[in-house]
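First up is the structure itself, then whatever we jot down about it.
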Amino acid sequence: KQLLAERMRSVLSVAEKPSVAKELAAIISKQQVDSLKRQGISPYNPVFDINNCMFQNNPARMTVTSVTGHMMELEFEAAYKGWSSCQPAELFEAPLNKTVKKESENIEKTLIREAKQCNILLLWLDCDLEGENIAYEVIKVCKQANPRIDIYRARFSALVERDILRTLKFPDRPNPRMNDAVDARQEIDLRIGAAFTRFQTLRLQNKFENVGNTVISFGPCQFPTLGFVVERSARIKAFRPENFWAITSSYEFDNPDKPGAKLSCNFNWERTRLYDRLACLVLYDACVEGGGEAVVTQCNERPTTRQRPVPLNTIEFQMRASRFLRMSSDVAMAVAEGLYQRGILSYPRTETNFFQEGIELLGLVGDHRNHPDWGPYAANLVDNYHARQQQQQQPQNRGNANNNMFLWPRAGGKDDQAHPPIHPTKCVNLQDLQNPDERKVYDLVT
C-alpha cells in the first residue's frame with residue numbers, strides 16, 4: 001500500500017469557476033461533494049479532495065479547485081501610469097507588466113499551496129481563446145511554486161460524465177499559440193486605449209464647458225460600436241412617418257382532406273401600398289362592384305422545400321431566444337451558462353454550427369425517449385432509424401426512405417475549433433428546472 005501511494009499520481013485540477021469545480025468533483029468522485037470539500041484561502045473558491053480516481057488509466061489522487069476568470073491584469077510600469085508622466089504616443093512602446101490582481105491574491109495563494117503538493121497540473125478552463133489565456137496564468141503561478149509540475153489541458157464541451165472521463169483518459173497539452181493571440185489582443189487594446197484616451201481627454205477637457213474633468217475614453221471596440229449607435233440614432237431622427245393604405249384579399253374554402261375544416265389563401269397586392277387614400281378607395285370600390293367576385297387568370301404550381309435548420313451557435317441561439325421567447329441576449333446567455341455549469345447544456349459560447357463526426361448524437365436523442373413532453377417523438381426517431389438500418393441489409397428494401405427517423409443535422413459553415421454547437425447533454429424534466437426562463441431555454445435548445 002505504501003509503494004502504491006508513492007507511485008500514485010497527485011493531480012491538481014483547476015476550473016474556471018467554483019460551480020464548474022464542484023460539478024467536476026461530483027462527476028469524477030461519483031459521490032456527494034460536501035464530504036470532499038475543504039476551505040481554500042479564498043472563501044469563494046473551495047477545494048475538493050478526491051482520494052481515488054483514474055488519470056491516463058493510472059490510479060491518482062486529485063485536488064479540484066478553481067479561479068474566477070482572469071487572475072492577472074496587464075498594466076504599464078509605474079513610471080508611465082501618471083497622466084502627465086509621458087507623452088501619449090510613448091505608451092505605444094512603454095514596458096508592460098502582467099501581475100496578479102489584488103482581488104485574486106487569495107486564489108494565487110491557494111494555487112501555490114496546492115501545487116507544492118502535486119506533480120501534475122490539469123487545466124479545466126473553457127476551451128476557447130480566453131480560457132487558454134487564463135490557463136497560462138494558472139501555469140505561471142503554479143510553476144513558481146513547483147517548477148517540475150507536469151502540465152496537461154482538459155478539452156471538453158459539456159460537464160457530463162462521458163466527456164469528463166474521456167478527458168481524464170486522453171488529456172491534451174496547452175496551446176501556446178492561442179495564449180499568444182490573447183496576449184497580443186490585450187496589449188493592443190491597452191496601448192491603443194490608454195494612448196488615445198489620454199490624448200483626447202487632455203486636448204478636449206478645456207475646450208468644452210460640459211466636459212470638465214470627465215475622462216473621454218477610447219477603445220478599439222467601443223468606437224465602432226458607438227458609430228453604429230450614432231448612425232442608427234440619426235436614421236431614427238431623420239425618419240418622417242407617412243400614412244399609407246393597402247388592399248388585402250383572402251379566399252376561404254373547405255379542406256378536401258379534413259371534412260369540416262377550412263383552408264385560406266391570401267393574395268398580395270402587386271402595388272403593395274398607396275399613399276393616396278382616395279385613389280386606394282376608388283380601386284377598392286372597383287374590386288367590390290358586382291358582388292366582389294374575382295377571376296383566377298393563372299395558376300402556377302411548383303414544389304417547394306424547406307431546409308432543416310443548422311445547429312445552434314451563440315448568435316443563432318440569441319436570435320431565436322429573442323424572437324421566440326422574447327428574452328434579451330444577456331438574460332438568455334446567463335440562463336444557458338447556468339444550465340451548462342450544471343451539466344444540462346453544452347458550452348453556450350460557440351461559433352460552431354455543425355456537428356463533427358464522432359459525436360454520439362443518436363445516443364443523445366435516445367436519452368430523451370422517456371421525456372414526458374417529447375419522449376415519444378425522440379423514441380420514434382431512434383426506432384425508425386434502427387428499423388431503417390435493418391431494412392438496408394435486405395437488397396429489396398434499399399432505397400425505401402422513412403422521413404420520420406433520425407437524420408444527421410445539416411452542417412453550417414462555421415467552426416471555432418473549440419466547442420460543438422449548443423445542445424442538451426442531459427435529459428431533464430422541464431418541471432425539475434429552477435425557473436420559467438430555464439424551462440424556456442432548455443425547451444428551445446432541445
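Because the structure is predicted, anything quoted here is derived from the model rather than measured.
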From [atom1] ([X]) to [atom2] ([Y]), nearest 0.5 Å:
X    : Y    : atom1 : atom2 : answer
D254 : K262 : CG    : NZ    : 3.5 Å
L444 : F317 : CG    : CZ    : 6.5 Å
L362 : D367 : CG    : CG    : 10.0 Å
T63  : L36  : OG1   : CG    : 10.5 Å
R61  : N119 : CZ    : CG    : 8.5 Å
Y44  : Q39  : OH    : CD    : 10.5 Å

Would you say [X]'s side chain and [Y]'s backbone share a donor-acceptor pair under 3.5 angstrom?
X    : Y    : value
Y275 : E242 : no
N146 : A115 : yes
Q56  : P59  : no
S104 : V100 : no
E16  : D126 : yes
E108 : I112 : no
S346 : A158 : no
N429 : P372 : no
R308 : W408 : yes
S13  : M62  : no

Any side-chain heavy-atom pair from [X] and [Y] closer than 4.5 angstrom?
X    : Y    : answer
L190 : F76  : yes
I247 : R271 : no
D383 : R369 : yes
L274 : W269 : yes
K440 : V335 : no
V229 : R232 : no
Q318 : M333 : yes
P409 : H423 : no

Regarding R9 and the six-membered ring of F55, is the cationic atom NZ or CZ under 6.0 Å from the ring centre and inside 45° of its axis? no
Using the ring of F354 (Phe, Tyr or Trp, six-membered ring only), decide whether R410 places NZ or CZ under 6.0 Å from its centre and within 45 degrees of its axis. no
Within 6.0 angstrom of [X] [atom1], more than 12 heavy atoms from elsewhere:
X    : atom1 : result
K22  : NZ    : no
R177 : CZ    : no
E351 : CD    : no
L283 : CG    : yes
Q32  : CD    : no
R277 : CZ    : no
F228 : CZ    : no
M319 : CE    : no

Parallel, tilted or perpendicular: which fits the ring planes of Y347 and H419, with parallel below 30° and perpendicular above 60°? tilted
Applying side-chain contact (heavy atoms from CB on, under 4.5 Å), run through R173 and Y152 and close with a yes or a no. CA-CA 5 Å; R173 295 288 186 176; Y152 289 90; 3.2 Å; yes
Identify the two heavy atoms, one from [X] and one from [Y], that lie closest to each other, and give their separation to 0.1 Å.
X    : Y    : value
T425 : L345 : OG1-N, 3.6 Å
I149 : K143 : O-NZ, 3.7 Å
A246 : T272 : CB-O, 3.4 Å
V365 : V382 : CG1-CG2, 3.8 Å
F406 : L361 : CZ-CB, 3.9 Å
L129 : V182 : O-CG2, 3.3 Å

Looking just at side-chain N and O atoms, do N45 and T65 make a donor-acceptor pair shorter than 3.5 Å? no
In terms of side-chain heavy atoms, does S217 have a donor or acceptor partner in Q222 at a distance below 3.5 Å? yes
Would you please name every residue forming a side-chain contact (heavy atoms from CB on, under 4.5 Å) with D443, sequence neighbours left out? W374, L430
Taken in chain and number order and not counting sequence neighbours, the residues that satisfy side-chain contact (heavy atoms from CB on, under 4.5 Å) with R240 are none
Could [X] and [Y] be called an ion pair, given the rule that one side-chain N must be under 4.0 Å from one carboxylate O?
X    : Y    : value
R342 : E438 : yes
K17  : E337 : yes
E114 : R38  : yes

Verdict with supporting geometry, L96 and R191, side-chain contact (heavy atoms from CB on, under 4.5 Å): CA-CA 10 Å; L96 299 172; R191 293 188 184 279; 3.4 Å; yes
Ring centres under 6.0 angstrom apart (F196, F223): no
May I have the step-by-step check of side-chain hydrogen bond (donor to acceptor under 3.5 Å, both in side chains) for D183 and Y136, ending in yes or no? CA-CA 10 Å; D183 280 345; Y136 272 84; over 6 Å; no
May I have the step-by-step check of side-chain contact (heavy atoms from CB on, under 4.5 Å) for E130 and H70, ending in yes or no? CA-CA 8 Å; E130 291 297 327; H70 282 280; 2.7 Å; yes
Of N175, D172, T167, the residue whose pairing with R155 passes side-chain hydrogen bond (donor to acceptor under 3.5 Å, both in side chains): D172
With side-chain contact (heavy atoms from CB on, under 4.5 Å) as the criterion, how do L111 and V67 come out once you've worked through the C-alpha distance, each side chain's angles and the decisive distance to 0.1 Å? CA-CA 9 Å; L111 292 177; V67 294; 4.2 Å; yes
